Amino acid sequence: MTTQVADVEHGHENGHGPATGITRWLFTTNHKDIGTMYLIFSLVMLFIGGSMAFVIRAELFQPGLQLVEPAFFNQMITMHGLIMVFGAVMPAFVGLANWMIPMMIGAPDMALPRLNNLSFWILPFAFTMMMSTLFMDGGGPNFGWTFYAPLSTTYAPPSTTFFILAIHMMGASSIMGAINVVVTIVNMRAPGMTYMKMPMFCWTWLITAFLLIAVMPVLAGVVTMMLMDIHFGTSFFDAGGGGDPVLFQHVFWFFGHPEVYIMILPSFGVVSEVIPTFARKKLFGYHSMVYAIVAIAVLSFVVWAHHMFTVGMPLAGEIFFMYTTMLIAVPTGVKIFNWVSTMFRGSMTFETPMLYAIAFVILFTIGGLSGIMLALAPVDFVYHDTYFVVAHFHYVLVPGAIFGIFAAVYYWLPKWSGKMYDESLAKFHFWVSFIGLNLTFFPMHFVGLAGMPRRIPDYPLQFADFNMIVSIGAFMFGTSQLIFVYVLIKTLRSGEKAPQRPWEGAEGLEWTVPSPAPYHTFATPPKVD
Amino acid sequence: MNVARPLPLVLICVAMFGFGFLLVPLYSVFCEWAGINGKTAGAYQESTTDVKIEDRIVKIQFISNHNANLRWPFKPAEEQVSVKIGERRQVMFVVTNPTNLPVVAQAVPSVSPSEAAPFLHKIECFCFQQQELFAGEKKAMPLVFFIDSDLPEHIKKLTLSYTLFDVTPAVDEKLVQR
């Protein structure tokens with residue numbers, strides 16, 4: 001597929017190695033360093049957000065209030081959501097984009113390396129500020145990660161101003177990251193790498209980046225309106241002053257719905273890389289995959305009010321948003337069909353990345369099907385704000401986004417570190433995670449349908465058994481991530497040396513450079529035919 | 001050939017930030033145009049001399065609510081009236097300020113079914129202005145309205161609800177700023 005570029009620029013690399021000490025990480029403009037920092041940051045956030053989930057599930061282990069105050073419980077559910085969405089999932093994807101996109105399209109680095117450094121280094125400060133609100137008077141944000149007004153304006157704790165600024169900073173970071181990805185993909189593809197030859201991961205990230213550029217500013221706008229309502233006497237969301245609290249929900253979900261696709265599209269890309277490798281077949285229906293992503297992205301802008309079926313929308317609105325939402329099942333179905341068809345009659349092997357990818361396809365489909373149930377406006381009145389919704393979005397985010405990230409890490413770890421991970425330990429991590437995850441989120445469907453509301457620290461006795469199972473599953477899933485950390489450490493310390501192309505069926509430019517990937521790759525662009 | 005530069009992308013961001021704020025008026029305009037959200041228009045501006053009174057009778061129910069932590073007595077004088085289409089009718093709402101401080105209140109209307117909202121015309125309403133109440137004052141506030149002849153046939157009854165908000169702190173701030 002490519003010429004022997006790797007050897008050519010191996011010599012070129014001498015004298016251009018990384019700086020030493022802490023300044024390497026503070027001032028780096030290298031896409032690999034920044035990608036690594038993003039990934040480590042997101043792993044730390046995964047554990048912080050996960051320990052908050054631990055608090056939530058410990059409180060819900062039994063009915064009654066035993067461990068934490070309801071006010072603190074509210075802060076935990078809010079921070080768990082915010083940290084997992086903005087701290088764990090999104091930075092992990094940006095980290096993967098940083099590492100892989102230049103290597104996949106044959107570029108020497110990201111197009112805007114200094115911006116890249118800035119967009120990473122904003123994040124630790126933003127999250128330090130956001131988490132510091134937990135120690136302030138009145139506590140941290142307690143209004144749920146969707147921060148509906150007037151809970152987040154009139155009735156909000158005084159620390160909300162810090163929360164608003166933190167959201168602004170995360171938004172700025174995401175926008176900069178997205179601009180970088182777009183400029184890199186459009187301008188820096190190697191000669192011969194046409195759009196329709198690009199790896200799927202790059203395609204999904206290109207679309208994701210456009211979604212980010214389009215909706216993160218709207219999020220910035222809505223938190224700015226909150227700030228003005230709280231401090232400058234405006235009434236955007238205050239009915240007494242001529243505003244409308246429902247307006248908040250419309251503006252928020254205009255951002256929020258594309259945001260959920262931002263959190264899943266890069267995973268689609270990862271799975272579209274991993275499945276062909278281990279099925280040893282080309283991706284089935286490459287073109288239809290690309291069109292499906294574009295269709296999903298376009299549709300994501302006209303479905304937002306399906307999050308608000310119960311606010312008292314007119315019938316015409318309910319019908320419009322119900323049908324557009326169900327329309328999204330079509331391109332998503334195309335993608336799932338194509339993944340299954342790629343596996344069909346392939347010579348499949350089941351290394352850890354493939355296990356994660358297959359689990360992704362199966363479990364994401366379950367999450368998608370409960371999504372179709374929720375999309376039906378008439379029955380949504382029953383499901384709204386119950387644990388059924390919690391089950392649905394955790395089924396699309398945990399085995400969707402997070403398993404996608406795990407698949408990517410196991411798939412590319414040999415390329416990043418030059419070492420192979422311990423396959424049996426990694427499989428152990430997979431199976432404990434897989435069982436823990438289903439034990440956690442599957443029974444939530446049942447308690448939700450039986451009427452257990454979300455975001456409440458207590459529940460009636462009849463939900464006790466299922467909640468205990470859910471909590472045990474959650475402890476299992478959370479603890480199993482320590483195995484993941486152990487696998488990572490063991491790989492870096494004593495992993496076997498990985499060959500240039502550790503996976504037999506892998507294709508793509510990233511496998512033409514040595515493992516570990518040298519500090520600078522593709523200083524001379526490769527030729528793609 | 002390859003033309004993506006950062007600047008246009010930054011401009012898209014700025015434009016989308018503006019679009020977020022544009023959603024505020026767009027939302028109001030759209031709700032008004034579609035007659036959804038139960039919002040009634042402001043004071044009826046057109047001449048009412050040639051409004052014809054028809055025989056069709058519609059029931060209007062009045063509901064009064066307070067915003068969350070407000071405990072002021074606020075009630076309609078009549079809870080239900082029957083009016084002919086086009087007939088001009090005045091009703092009163094009574095509010096009491098139980099505190100020993102002057103307060104400012106704002107009433108926000110909503111009509112149900114929302115489909116009827118564009119056909120309820122208010123000639124005069126206490127909700128058009130903020131209402132100042134002295135300490136302990138009891139005030140009867142008028143509403144003058146009529147129903148448009150274009151009201152869909154199947155609507156026989158409509159509910160007009162007022163929610164009362166305490167806007168004293170906001171008004172005080174403005175006074176201080178002046």
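Small disclaimer: the values here were computed from a predicted structure and weren't measured. Only this structure's heavy atoms are used, side chains among them; waters, hydrogens and symmetry mates stay out. Chain letters run A, B, ... following the sequence lines, proteins first and then strands; every chain starts at 1.
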More than 12 heavy atoms from other groups under 6.0 Å of NZ on B/Lys139: yes
Over 12 foreign heavy atoms within 6.0 Å of CD, B/Glu132: no
Test item: A/Phe237 and B/Val24 side chains (from C-beta on) under 4.5 Å apart, heavy atoms: no
Test item: A/Pro217 and B/Val14 side chains (from C-beta on) under 4.5 Å apart, heavy atoms: no
Nearest heavy-atom pair of [X] and [Y]: which atoms, and what distance?
X	Y	answer
A/Met225	B/Gly20	CE-O, 3.3 Å
A/Ala239	B/Val108	O-CG2, 3.1 Å
B/Ile12	A/Ile213	CG2-CG2, 3.7 Å

Portion of [X] that has a non-hydrogen atom of chain B nearer than 4.5 angstrom:
X	value
A/Ile175	side chain
A/Leu115	neither
A/Asp238	side chain
A/Phe210	side chain

Selection from A/Val215, A/Thr224, A/Val222 maximising heavy-atom pairs under 4.5 Å formed with chain B: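 Looking at each option in turn, the highest pair count goes to A/Thr224.
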Selection from A/Thr154, A/Ile179, A/Val218 maximising heavy-atom pairs under 4.5 Å formed with chain B: A/Ile179
A/Phe254 and B/Phe19 aromatic ring geometry - parallel, tilted or perpendicular at 30°/60° bounds: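 Rings of B/Phe19 and A/Phe254: tilted, as their planes differ by 30° to 60°.
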Residue pair B/Phe17, A/Leu219: steps toward the side chain to side chain contact (heavy atoms under 4.5 Å, CB included) verdict: CA-CA 8 Å; B/Phe17 185 73; A/Leu219 175 70; over 6 Å; no
